[in-house]
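Notes for the one structure printed next.
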Amino acid sequence: MNLTEWNARLHGLVIFRALLDDDVIAKLVDLTDRMAAAPQSTGAVCNAAASFEAALFEHTTNFGEYLSAAVLEAETVCVRQAAVSEVPPVLQTALDNELDFLRQLCSLTLDELLDAAGAADKLPFLPRWETKAIDLHAAYAQRMSEVGKKGYGMFAKHHVFTVENGQLVPVRYPDPQRLDELPGYEQEREKVIANTRALLAGMPANNVLLYGDAGTGKSSTVKAIANEFAADGLRLVEVKKNQLYQIPDLMDKLAANPLKFILFIDDLSFTANDDNFAALKAILEGSVGGRARNIAVYATSNRRHLIKETLSDRTGDDIHEADTRQELMSLSARFGLTVTFQRPEKARFEVILTELAKQHGIEMPHDELLTKAEAFAIRAGGRSPRVAKQFIEQCAAGVQK
């Protein structure tokens with residue numbers, strides 16, 4: 001393949017057009033542009049080649065490995081189509097042709113590019129990137145068969161997301177919380193885990209409300225589950241209460257995705273006249289659209305009924321006060337599974353404390369550990385897993401002696 005062909009095939013990508021937005025691939029395109037325009041312009045070609053290599057070497061020295069990973073993770077019209085039905089013949093042919101070209105590109109070296117430009121003896125001082133021959137057709141077919149677990153696009157690179165202006169934004173450094181780091185409340189967590197397994201298996205899964213006292217591990221449970229099952233195709237989308245009106249459009253987009261999603265709403269509560277109240281009711285069950293089988297809502301709250309009420313609310317002039325109360329209570333009833341996390345009694349607190357001490361390698365007589373922890377809990381306002389973790393971390397840091 002001559003230089004003009006390399007350059008034209010890069011610019012002519014259709015199925016994998018998103019690759020041109022990749023910084024490394026974009027710099028390779030720029031390099032072939034400069035070579036095609038003025039192969040004898042040593043300065044311009046050298047600058048473009050160095051820029052490409054600098055960008056590549058930030059990730060790897062092997063261009064074949066980098067390109068193949070980008071191809072397998074790319075979000076394309078074909079992978080989206082395959083998630084819902086058969087890929088049309090026109091798209092399948094274009095996919096096969098581009099995979100064949102990209103397979104050749106994985107083995108392309110700087111010397112081959114320079115030779116194609118008629119400048120084989122130039123730029124000997126530049127480093128040479130490594131290449132790797134890869135059967136992209138087989139690798140892509142394998143990835144397509146696993147798309148329900150590995151995902152595509154940003155979903156292949158990240159498993160936790162937030163919402164900004166109605167769009168998903170990946171969280172690059174999510175909370176690394178693990179389930180085996182959360183002692184106590186095993187029975188409560190097992191209910192949420194079982195519901196998550198049902199979601200992953202494509203079975204009917206409930207929306208979940210985790211409610212109870214502060215610091216008992218409700219939010220940590222959801223984050224740990226997201227980390228635990230990320231390899232099985234689970235993705236977590238954290239949604240703030242004031243973003244609920246944006247969720248229906250987002251759910252429509254996620255419904256066609258082969259992955260499974262938890263929409264996570266932390267520390268949920270409403271006032272009686274909150275506009276977001278009706279929005280969440282519609283998201284849970286009340287809209288004309290059916291519920292997507294690959295999406296479940298997990299919410300945490302310190303309030304069982306989610307609505308803040310006052311005594312005056314019950315003694316006002318509402319003629320149909322019972323109906324109003326039913327309206328306020330109907331939201332929590334739309335969560336099919338409600339799991340209660342109560343403040344731990346002394347025995348459970350000690351179990352949590354002992355396990356956390358083992359995890360952190362705290363060497364302290366058991367009775368002394370419990371006595372100091374009880375005193376710490378009293379000063380902190382009461383027992384909870386959060387208080388136990390704070391105490392153990394202070395022990396590990398040498399603050400508690």
Side-chain angles (χ1 to χ4, degrees), residues 1-79 91-144 146 150 152-154 156-157:
M1 195 178 298
N2 60 41
L3 180 61
T4 301
E5 290 176 306
W6 285 115
N7 183 254
R9 290 297 300 270
L10 279 167
H11 279 288
L13 288 173
V14 176
I15 304 300
F16 291 98
R17 190 126 196 108
L19 291 179
L20 301 182
D21 295 327
D22 180 279
D23 185 55
V24 174
I25 309 302
K27 284 182 167 56
L28 176 64
V29 174
D30 181 60
L31 172 59
T32 62
D33 284 345
R34 291 177 183 272
M35 284 183 163
Q40 302 306 317
S41 179
T42 303
V45 171
C46 179
N47 182 64
S51 294
F52 164 68
E53 291 189 309
L56 174 65
F57 292 169
E58 286 289 329
H59 305 275
T60 176
T61 58
N62 194 307
F63 178 60
E65 291 181 353
Y66 182 88
L67 179 59
S68 62
V71 168
L72 297 180
E73 293 175 354
E75 178 176 354
T76 70
V77 64
C78 287
V79 75
L91 293 183
Q92 186 63 53
T93 300
L95 173 66
D96 292 338
N97 288 338
E98 291 192 7
L99 283 174
D100 187 58
F101 162 67
L102 292 168
R103 175 188 59 79
Q104 297 177 62
L105 191 61
C106 284
S107 300
L108 181 65
T109 66
L110 177 59
D111 289 321
E112 288 174 331
L113 266 182
L114 291 171
D115 185 53
D121 58 339
K122 293 188 176 181
L123 311 180
F125 54 87
L126 281 180
R128 266 49 179 171
W129 63 80
E130 299 170 302
T131 63
K132 184 177 182 180
I134 298 171
D135 186 350
L136 269 186
H137 288 277
Y140 198 77
Q142 177 69 22
R143 173 55 70 97
M144 290 283 275
E146 300 172 337
K150 294 187 176 180
Y152 53 77
M154 64 180 177
K157 300 177 182 178

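Since this is a predicted model, take the numbers as computed values, not measurements.
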Using a 3.5 Å distance criterion without hydrogens, assess whether the side chain of [X] forms a donor-acceptor pair with backbone atoms of [Y].
X	Y	value
Trp129	Thr60	no
Ser51	Asn47	yes
Glu53	Ala50	no
Arg9	Asn7	no
Arg17	Leu13	yes

Is the shortest side-chain heavy-atom distance between [X] and [Y] below 4.5 Å?
X	Y	answer
Leu28	Leu56	no
Val14	Asn97	no
Leu31	Val45	yes
Ile25	Phe63	yes
Arg143	Glu73	yes
Tyr140	Leu102	no

If you take all heavy atoms of [X] and [Y], which pair is closest and at what distance?
X	Y	answer
Cys106	Thr131	O-CB, 3.4 Å
Glu112	Leu108	OE1-CA, 3.4 Å
Ile15	Leu95	CG1-N, 3.9 Å
Ile134	Ser68	CD1-OG, 3.2 Å

* Asked: Does the ring center of Phe16 lie less than 6.0 Å from the ring center of Phe101?
  -> no
* Is any NZ, NE, NH1 or NH2 atom of the basic residue among Arg103 and Asp100 found under 4.0 Å from an Asp or Glu carboxylate oxygen of the other? -> yes
* To do: Identify, with sequence neighbours excluded, every residue that meets salt bridge (Lys or Arg N to Asp or Glu O under 4.0 Å) alongside Asp33.
  => none
